[in-house]
A.B. asks: 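Please see the structure below; I have some questions.
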Amino acid sequence: MPNAMINALSRRSALASAAPMATFPDVTIERTGPASRFVLRGGEAVAHAAGTALPLELAPAVGRVVARDGIAALCLGPDEWLLLGPPEQERELQQRLNAALQSLPHSLVSIGHRDVAFVLWGRAAADVINAGCPLDLRMAAFPAGCTSRTLLGKAEIVLWRIEPQAFRIETARSFAAYVNEFLLLAARNNG
């Protein structure tokens, strides 16, 4: 295969032509950079061992997030966590987790290249997300530190409320352009 063909087939970012940040009067939308991402499945012993290895106590309740020192554990199910960390720590985190979990029945899958993330913050962040998300994002129903699998329009997402007016959206790379355009349109129409 000629070099030109190989270069043409090289991986391109799903958002290569999109601006990394958009600011509107009441909300800012930012596409984040790469991250370490792992899906961990297992019981209480797995959660304890993984928490010791990170070190970060994994959130014991579905829909809750524990974060410290740039690492976050989002509890998505009774035995499932999405683990997020800095991209430069991916290999180290995987080695620490593998060592801690080697004698326990579990599943640990690196998904760092599968997903992309967006962060929204500002007074209208919840309104922009609610333009296509059925969750009740009032603080009483979905406070800071909560997470959920849900939809944004037609895209599957994991939503994490980081702070009262700040959210992180994780979605599959194949939905990235759609989610980006959806958020920009909702932000433009907000108000």
A.B. asks: For the residue pair Arg168 and Ala35, what are the closest heavy atoms and their distance?
C.D. replies: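 Looking at all heavy atoms of both residues, the closest pair is NH2-CB, 4.2 Å.
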A.B. asks: Check the surroundings of atom CD in Glu57: do more than 12 heavy atoms from other residues, nucleotides or ligands lie under 6.0 Å from it?
C.D. replies: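 Counting neighbours around CD of Glu57, 12 or fewer heavy atoms of other residues, nucleotides or ligands fall under 6.0 Å, so no.
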A.B. asks: Can you get from Leu137 to Val179 by hopping between Ile, Leu, Val, Met, Phe, Trp and Tyr side chains that sit under 4.5 Å apart?
C.D. replies: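 Cluster IDs for Leu137 and Val179 match.
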A.B. asks: Measure across Val116 and Ala172 and return the closest heavy-atom pair with its distance rounded to 0.1 Å.
C.D. replies: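 Reported closest heavy-atom pair: CG2-O, 4.5 Å.
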A.B. asks: Indicate if Leu184 and Val27 have the same hydrophobic cluster label, given that clusters are the connected sets of ILVMFWY residues with side-chain heavy-atom separations under 4.5 angstrom.
C.D. replies: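 Same hydrophobic cluster.
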A.B. asks: Could you grab the distance from atom CG of Leu74 to atom OG of Ser148, nearest 0.5 Å is fine?
C.D. replies: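 Result: 10.5 Å between the selected atoms.
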A.B. asks: Under the 3.5 angstrom rule, does the side chain of Ser110 hit a backbone N or O of Phe38 as a donor-acceptor pair?
C.D. replies: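 No; judged by distance alone, with no hydrogens or angles, the pair does not exist.
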A.B. asks: So, His106 side chain and Leu104 main chain: donor-acceptor pair closer than 3.5 Å or not?
C.D. replies: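 Yes; at least one donor-acceptor contact below 3.5 Å.
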A.B. asks: Below 4.5 Å, heavy atoms only, C-beta onward: do Leu82 and Ile111 meet side chain to side chain?
C.D. replies: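 Answer yes - side chains close enough.
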A.B. asks: Tell me if the CD atom of Glu156 is crowded by more than 12 foreign heavy atoms within 6.0 Å.
C.D. replies: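 Not more than 12 within 6.0 Å, no.
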A.B. asks: For a 4.5 angstrom cut-off between non-hydrogen side-chain atoms, does Val62 reach Leu76?
C.D. replies: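 No, every pair of side-chain atoms sits at 4.5 Å or beyond.
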A.B. asks: Between Phe24 and Arg188, is any pair of side-chain heavy atoms under 4.5 Å apart?
C.D. replies: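 Yes, at least one pair of side-chain atoms sits under 4.5 Å.
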A.B. asks: What is the distance from atom CD of Gln89 to atom CD of Gln95, rounded to the nearest 0.5 Å?
C.D. replies: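 One finds 12.0 Å between CD of Gln89 and CD of Gln95.
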A.B. asks: Please check: side-chain N/O of Arg96 versus main-chain N/O of Ala53, any donor-acceptor pairing under 3.5 Å?
C.D. replies: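 At least one qualifying donor-acceptor pair exists.
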A.B. asks: Heavy atoms only: give me the nearest Val66-Leu58 pair and the separation to one decimal.
C.D. replies: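 Residues Val66 and Leu58, closest heavy atoms: CG2-C, 4.4 Å.
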A.B. asks: Atom CG in Leu185, atom CG in Asn190: separation rounded to 0.5 Å?
C.D. replies: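 Interatomic distance, Leu185 CG to Asn190 CG, rounded to 0.5 Å: 11.0 Å.
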A.B. asks: Could you walk me through whether Glu170 and Ile157 pass side chain to side chain contact (heavy atoms under 4.5 Å, CB included), step by step?
C.D. replies: CA-CA 6 Å; Glu170 292 275 332; Ile157 65 169; over 6 Å; no
A.B. asks: For the residue pair Cys75 and Ala61, what are the closest heavy atoms and their distance?
C.D. replies: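 Heavy atoms of Cys75 and Ala61 come nearest at CB-O, 3.3 Å.
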A.B. asks: Nearest 0.5 Å, please: how far is CD in Glu80 from CZ in Arg149?
C.D. replies: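 The CZ atom of Arg149 sits 4.0 Å away from the CD atom of Glu80.
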A.B. asks: Quick one, Phe167 with Ile162, criterion side chain to side chain contact (heavy atoms under 4.5 Å, CB included). Give me CA distance, side-chain angles, the key distance, then yes/no.
C.D. replies: CA-CA 5 Å; Phe167 295 84; Ile162 304 166; 6.0 Å; no
A.B. asks: Is there a donor-acceptor pair under 3.5 Å between the side chain of Thr147 and the backbone N or O of Leu159?
C.D. replies: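 Flag set: sc Thr147 to bb Leu159 pair under 3.5 Å.
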A.B. asks: Examine distances only and state if a side-chain atom of Asn180 and a backbone atom of Ala176 form a donor-acceptor pair shorter than 3.5 Å.
C.D. replies: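 No.
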A.B. asks: Is the backbone N or O of His113 less than 3.5 Å from a side-chain atom of Arg173, with the two atoms forming a donor-acceptor pair by type?
C.D. replies: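 A pair under 3.5 Å: yes.
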A.B. asks: For Arg37 and Gly112, indicate whether the former's side chain and the latter's backbone hold a donor-acceptor pair under 3.5 Å.
C.D. replies: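 Confirmed, Arg37 side chain pairs with Gly112 backbone.
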A.B. asks: Using only atom types and a distance under 3.5 Å, with no angle test, would you say the side chain of Ser36 pairs donor to acceptor with the backbone of Pro86?
C.D. replies: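 A pair under 3.5 Å: yes.
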A.B. asks: Below 4.5 Å, heavy atoms only, C-beta onward: do Leu120 and Ile169 meet side chain to side chain?
C.D. replies: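 Yes, at least one pair of side-chain atoms sits under 4.5 Å.
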A.B. asks: Would Phe142 and Leu135 count as a side chain to side chain contact (heavy atoms under 4.5 Å, CB included) here? Give the steps.
C.D. replies: CA-CA 8 Å; Phe142 197 79; Leu135 290 180; 4.2 Å; yes
A.B. asks: Is there a donor-acceptor contact under 3.5 Å from the side chain of Tyr178 to the main chain of Ala155?
C.D. replies: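 No: the side chain of Tyr178 does not pair with the backbone of Ala155.
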A.B. asks: So Ile71 and Leu93, do their side chains get closer than 4.5 Å, heavy atoms only?
C.D. replies: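 A side-chain contact exists here, since the closest heavy-atom pair is under 4.5 Å.
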A.B. asks: Any side-chain heavy atom of Leu152 sitting closer than 4.5 Å to one from Phe182?
C.D. replies: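 A side-chain contact under 4.5 Å exists here.
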A.B. asks: At their closest point, which heavy atom of Ala47 faces which heavy atom of Trp81, and how far apart are they?
C.D. replies: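 Reported closest heavy-atom pair: CB-CH2, 3.6 Å.
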A.B. asks: Should the heavy atoms of other residues, nucleotides or ligands under 6.0 Å from CD of Glu44 be counted, would the total exceed 12?
C.D. replies: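 Check fails, neighbour count at 12 or below.
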A.B. asks: Which value, rounded to the nearest 0.5 Å, describes the distance between Lys154 atom NZ and Phe175 atom CZ?
C.D. replies: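 Nearest 0.5 Å value for the NZ-CZ distance: 10.5 Å.
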A.B. asks: Ala50 and Leu97: which non-hydrogen atoms are nearest, and at how many Å?
C.D. replies: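 Between these two residues, the closest heavy atoms are CB-CD2, 3.7 Å.
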A.B. asks: So, Arg68 side chain and Pro55 main chain: donor-acceptor pair closer than 3.5 Å or not?
C.D. replies: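 Such a contact is found between Arg68 side chain and Pro55 backbone.
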A.B. asks: What do the steps show when you test Leu101 against Val46 for side chain to side chain contact (heavy atoms under 4.5 Å, CB included), and what is the final call?
C.D. replies: CA-CA 7 Å; Leu101 300 171; Val46 168; 3.8 Å; yes
A.B. asks: Are the side chains of Val158 and Thr150 in contact, using a 4.5 Å heavy-atom criterion?
C.D. replies: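 They are not in contact (no side-chain heavy atoms under 4.5 Å apart), so the answer is no.
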A.B. asks: When rounded to the nearest 0.5 angstrom, what is the spacing between CG in Leu83 and CD in Glu90?
C.D. replies: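 Result: 11.5 Å between the selected atoms.
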A.B. asks: Answer yes or no: is there a side-chain heavy-atom contact under 4.5 Å between Cys146 and Arg64?
C.D. replies: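 Heavy-atom side-chain distance check passes, below 4.5 Å.
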